[in-house]
Amino acid sequence: MLEVTISGIRFRNPVLLASGIMDEQGDSMLRAAREGAGGVVTKSIGIEEREGYSNPTVVVLPTGLMNAIGLSNPGIENFKEEIDLVKKEKIPVIGSIFGKNEDFPFLAKKMEKFGADGVELNLSCPHVKGFGSEIGQDPDAVEEIVKEVKKKVSIPVFAKLTPNITNIVEIAKAASSADALVLINTVKGMVIDIYAKRPVLSNIYGGYSGPGIKPIGVRAVYDVRKEMKIPIIGVGGINGWEDAVEYILSGANAVQVGSAIYYKGFSIFKEIVKGLETYMKNEGFERIEDFSGLAVIK
Ligand SMILES: Cc1cc2nc3c(=O)[nH]c(=O)nc-3n(C[C@H](O)[C@H](O)[C@H](O)COP(=O)(O)O)c2cc1C
């Protein structure tokens with residue numbers, strides 16, 4: 001059985017749409033749901049509408065994507081209708097939010113009012129000054145934001161952490177009042193155009209995602225699972241069912257899929273779900289819990 005319950009939210013399967021990929025609009029989230037996703041996470045939404053950076057904002061590399069979209073989003077007040085749309089499919093919708101430290105409780109409350117089943121705190125965007133890794137690399141800020149949001153809402157709170165840090169366990173412990181951790185956001189990087197002799201992205205730095213970052217994500221999940229019992233949602237470089245299994249064996253309770261949609265389209269959800277089912281049958285596992293964390297050597 002593929003159903004998993006994370007902090008009280010029941011997902012029909014453990015394969016969710018990651019924040020930022022085809023999820024700024026209700027109809028594309030609905031599409032992911034209809035194509036088999038167990039749940040969807042929205043694009044990170046802030047207080048005000050943001051246009052994001054000028055082009056180029058995405059570079060396609062042989063082993064993944066480098067993006068610096070710049071947290072473009074319609075602003076929280078314009079987002080209710082998108083949530084209403086995706087709720088038609090009756091799968092859990094997790095509202096992702098970003099902002100300055102003091103914005104998080106307000107945005108979380110809005111997402112709760114809009115009907116989101118949970119809220120995901122983006123404490124980890126690597127390429128927007130003042131919002132992302134700067135918060136996510138500071139354990140005190142992470143601890144305070146999570147606690148303040150927990151005080152304000154009664155829906156489950158997920159904290160999404162950055163890999164751009166020496167010791168992810170330290171930040172994970174700072175976020176331990178969250179109901180679940182989401183590991184990992186993109187890895188800070190850059191790409192140089194060798195003929196223009198300049199960085200390719202207009203923002204210079206970007207966030208690296210896709211197959212190349214899977215070992216980094218798996219390691220982050222493994223390290224945190226070794227030390228903590230909190231539910232973990234693994235994300236980073238999942239491009240097929242084997243990758244999802246790797247994350248689960250390292251301690252994830254569910255996974256999210258982002259960049260793979262660029263490579264394989266929405267059919268990736270059914271592909272992973274089917275592969276997981278066959279793997280579990282062949283290996284004698286009845287539930288995801290039966291093999292979550294099995295690879296962790298204590
Ligand atoms: C184009 C793009 C936009 C993204 N936007 C967001 C975002 O708004 N909020 C967020 O928390 N993560 C965002 N991410 C990060 C993804 O949710 C995910 O953590 C990361 O890409 C690793 O997973 P993947 O390799 O499956 O893409 C974005 C990633 C990409 C590629």
Side-chain angles (χ1 to χ4, degrees), residues 15-25 28-29 32 37 39-46 50 52-53 55-61 63-76 79 82 94-99 104 107 111 118-128 131-133 135-136 158-164 168 181-189 191 201 203 206-218 220-221 232-241 243-244 246-247 252 254-266 268-269 272:
V15 191
L16 322 180
L17 175 67
S19 179
I21 298 94
M22 307 293 285
D23 47 12
E24 198 174 317
Q25 257 123 29
S28 57
M29 289 189 271
V40 298
V41 184
T42 71
K43 171 76 190 158
S44 292
I45 305 297
R50 274 172 70 94
Y53 298 136
N55 281 328
T57 53
V58 181
V59 187
V60 180
L61 303 169
T63 49
L65 305 173
M66 187 73 72
N67 94 82
I69 302 272
L71 290 170
S72 61
N73 81 99
I76 193 78
F79 205 63
E82 311 302 338
I94 312 298
S96 172
I97 55 175
F98 78 94
F104 280 93
L107 290 165
M111 283 292 189
V119 67
E120 185 176 288
L121 314 180
N122 178 0
L123 301 168
S124 43
C125 179
H127 53 73
V128 181
F131 293 125
S133 285
I135 293 175
F158 299 175
K160 184 167 178 185
L161 306 184
T162 180
N164 302 310
I168 198 157
L181 301 178
V182 181
L183 308 171
I184 56 176
N185 209 314
T186 53
V187 179
K188 189 171 182 178
V191 183
L201 292 166
N203 183 56
Y208 186 32
S209 63
I213 71 165
K214 188 186 69 176
I216 301 170
V218 168
V221 170
I232 298 175
I233 301 172
V235 51
I238 296 176
N239 209 38
W241 66 266
D243 305 322
E246 237 186 284
Y247 268 98
V255 296
Q256 293 176 2
V257 176
S259 301
I261 294 162
Y262 279 106
Y263 300 108
K264 293 188 164 173
F266 282 109
I268 184 78
F269 292 106
I272 295 178

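Predicted model only: the values in this text are computed from it and were never measured. Counting convention: from 1, in listed order, for ligands and their atoms alike.
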Undergrad: Report yes if the side chains of Leu17 and Ile261 come closer than 4.5 Å at any heavy-atom pair, otherwise no.
TA: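 Yes, side chains in contact.
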Undergrad: Quick check: does any side chain N or O of Ser28 sit under 3.5 Å from a backbone N or O of Gln25, one acting as donor and the other as acceptor?
TA: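 It does hold such a pair.
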Undergrad: Check whether any side-chain heavy atom of Ser72 lies under 4.5 Å from a side-chain heavy atom of Glu24, and answer yes or no.
TA: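 Ser72 reaches Glu24 side chain to side chain.
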Undergrad: Just distances here: any N/O of Glu120 and N/O of ligand 1 closer than 3.5 Å?
TA: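 No.
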Undergrad: Could you check whether any side-chain N or O of Tyr247 sits under 3.5 Å from a backbone N or O of Gly236, counting only pairs where one atom can act as donor and the other as acceptor?
TA: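 Flag set: sc Tyr247 to bb Gly236 pair under 3.5 Å.
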Undergrad: Between the candidates Gly64, Gly206, Ser209, which shows the shortest non-hydrogen contact distance to atom 21 (O) of ligand 1?
TA: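 Looking at heavy atoms only, the winner is Ser209.
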Undergrad: Minimum heavy-atom separation for Gly240 and Ile268, please, with both atom names.
TA: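 Reported closest heavy-atom pair: N-CD1, 4.2 Å.
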Undergrad: Please answer whether the main-chain N or O of Trp241 pairs with a side-chain N or O of Asp243 as donor and acceptor at a distance below 3.5 Å.
TA: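 No, because the side chain of Asp243 does not come within donor-acceptor range (under 3.5 Å) of the backbone of Trp241.
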Undergrad: Between Val58 and ligand 1, which residue portion shows a heavy-atom distance shorter than 4.0 Å: side chain, backbone, both, or neither?
TA: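 Val58 to ligand 1: no contact under 4.0 Å from either part.
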Undergrad: Do Asn203 side-chain atoms and Ala68 backbone N/O form a donor-acceptor pair below 3.5 Å?
TA: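 Side chain of Asn203 to backbone of Ala68: no pair is present.
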Undergrad: Within ligand 1, which atoms have a heavy atom of Ser259 less than 4.0 Å away?
TA: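 This gives 24 (P), 25 (O), 26 (O), 27 (O), 31 (C) as the contact atoms.
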Undergrad: With atoms numbered from 1 as shown, which atoms in ligand 1 lie under 4.0 angstrom from a non-hydrogen atom of Ala18?
TA: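 Near Ala18, the atoms of ligand 1 are 17 (O).
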Undergrad: Can you report which non-hydrogen protein atom sits closest to atom 22 (C) of ligand 1, along with the distance?
TA: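 Atom 22 (C) of ligand 1 sits closest to the protein heavy atom Gly236 CA, 3.7 Å.
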Undergrad: Which residue supplies the protein heavy atom nearest to atom 8 (O) of ligand 1, what is that atom called, and how far is it?
TA: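 Looking only at protein heavy atoms, the one closest to atom 8 (O) of ligand 1 is Lys43 NZ, 2.9 Å.
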Undergrad: I'd like to check whether Ile238 has a polar contact with ligand 1, where a contact means an N/O of the residue lying under 3.5 Å from an N/O of the ligand.
TA: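 So ligand 1 has no N or O lying under 3.5 Å from an N or O of Ile238.
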Undergrad: Kindly confirm or rule out an N or O of Leu65 lying under 3.5 angstrom from an N or O of ligand 1.
TA: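 Looking only at distances, the answer is no, because the N/O contact criterion of under 3.5 Å is not met.
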Undergrad: Check whether any side-chain N or O of Ser96 sits under 3.5 Å from a backbone N or O of Val41 as a donor-acceptor pair, and report yes or no.
TA: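 Side chain of Ser96 to backbone of Val41, a donor-acceptor pair under 3.5 Å: no, none is there.
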Undergrad: Between Phe104 and Ile135, is any pair of side-chain heavy atoms under 4.5 Å apart?
TA: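 They are in side-chain contact.
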Undergrad: Between Ser96 and ligand 1, is there a nitrogen or oxygen pair with a distance under 3.5 Å?
TA: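 No, there is no polar N/O contact under 3.5 Å.
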Undergrad: In the protein, which heavy atom is nearest to atom 12 (N) of ligand 1, and how far is it?
TA: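 Here the closest protein heavy atom is Lys160 NZ, 3.0 Å.
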Undergrad: Tell me, which protein residue and heavy-atom name are nearest atom 4 (C) of ligand 1, and how many Å apart are they?
TA: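 The answer is Gly20 CA, 3.6 Å.
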Undergrad: What about Ile69: any of its N or O atoms under 3.5 Å from an N or O on ligand 1?
TA: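 N/O-N/O distance under 3.5 Å: no.
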Undergrad: Could you find the nearest protein heavy atom to atom 15 (C) of ligand 1 and give me its residue, atom name and distance?
TA: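 Looking only at protein heavy atoms, the one closest to atom 15 (C) of ligand 1 is Asn185 OD1, 3.4 Å.
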Undergrad: Run the side chain to side chain contact (heavy atoms under 4.5 Å, CB included) test on Leu65 and Tyr263 for me, step by step, so that the C-alpha distance in whole Å, both residues' side-chain angles and the decisive distance to 0.1 Å come before the verdict.
TA: CA-CA 10 Å; Leu65 305 173; Tyr263 300 108; 3.8 Å; yes
Undergrad: Distance to 0.1 Å, residue and atom name: give those for the protein heavy atom nearest to atom 20 (C) of ligand 1.
TA: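 Going atom by atom, the protein heavy atom closest to atom 20 (C) of ligand 1 ends up being Thr186 CG2, 3.7 Å.
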Undergrad: Are any of the N/O atoms in Asn67 less than 3.5 Å from those in ligand 1?
TA: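 Such a contact does not occur with ligand 1.
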Undergrad: Checking Asn122 side chain against Phe98 main chain: does a donor-acceptor pair fall under 3.5 Å?
TA: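 No: the side chain of Asn122 does not pair with the backbone of Phe98.
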Undergrad: Closest non-hydrogen protein atom to atom 6 (C) of ligand 1, residue and atom name please, with distance?
TA: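 I find the closest protein heavy atom is Ser19 O, 3.2 Å.
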Undergrad: Enumerate the atoms of ligand 1 whose separation from the nearest heavy atom of Gly237 is less than 4.0 angstrom.
TA: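 Near Gly237, meaning under 4.0 Å from one of its heavy atoms, ligand 1 has 24 (P), 25 (O), 26 (O).
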Undergrad: Under the criterion side chain to side chain contact (heavy atoms under 4.5 Å, CB included), I'd like the reasoning laid out for Ile69 against Val58: C-alpha separation, chi angles, the key distance, then a yes or no.
TA: CA-CA 7 Å; Ile69 302 272; Val58 181; 3.9 Å; yes
Undergrad: Has ligand 1 got any nitrogen or oxygen that is less than 3.5 angstrom from a nitrogen or oxygen of Gln256?
TA: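 Min N/O separation from ligand 1 is not below 3.5 Å for Gln256.
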Undergrad: Return yes if some donor-acceptor pair links the side-chain N/O of Ser44 with the main-chain N/O of Ile97 below 3.5 Å, else return no.
TA: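 Not a single qualifying donor-acceptor pair exists.
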Undergrad: Quick one: does Ile184 get within less than 4.0 Å of ligand 1, heavy atoms only?
TA: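 So Ile184 counts as touching ligand 1.
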Undergrad: Who's the nearest protein heavy-atom neighbour of atom 26 (O) of ligand 1, and how far?
TA: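 Going atom by atom, the protein heavy atom closest to atom 26 (O) of ligand 1 ends up being Gly258 N, 3.0 Å.
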Undergrad: Does any N/O atom on Leu71 come nearer than 3.5 Å to any N/O atom on ligand 1?
TA: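 Not met; the criterion fails.
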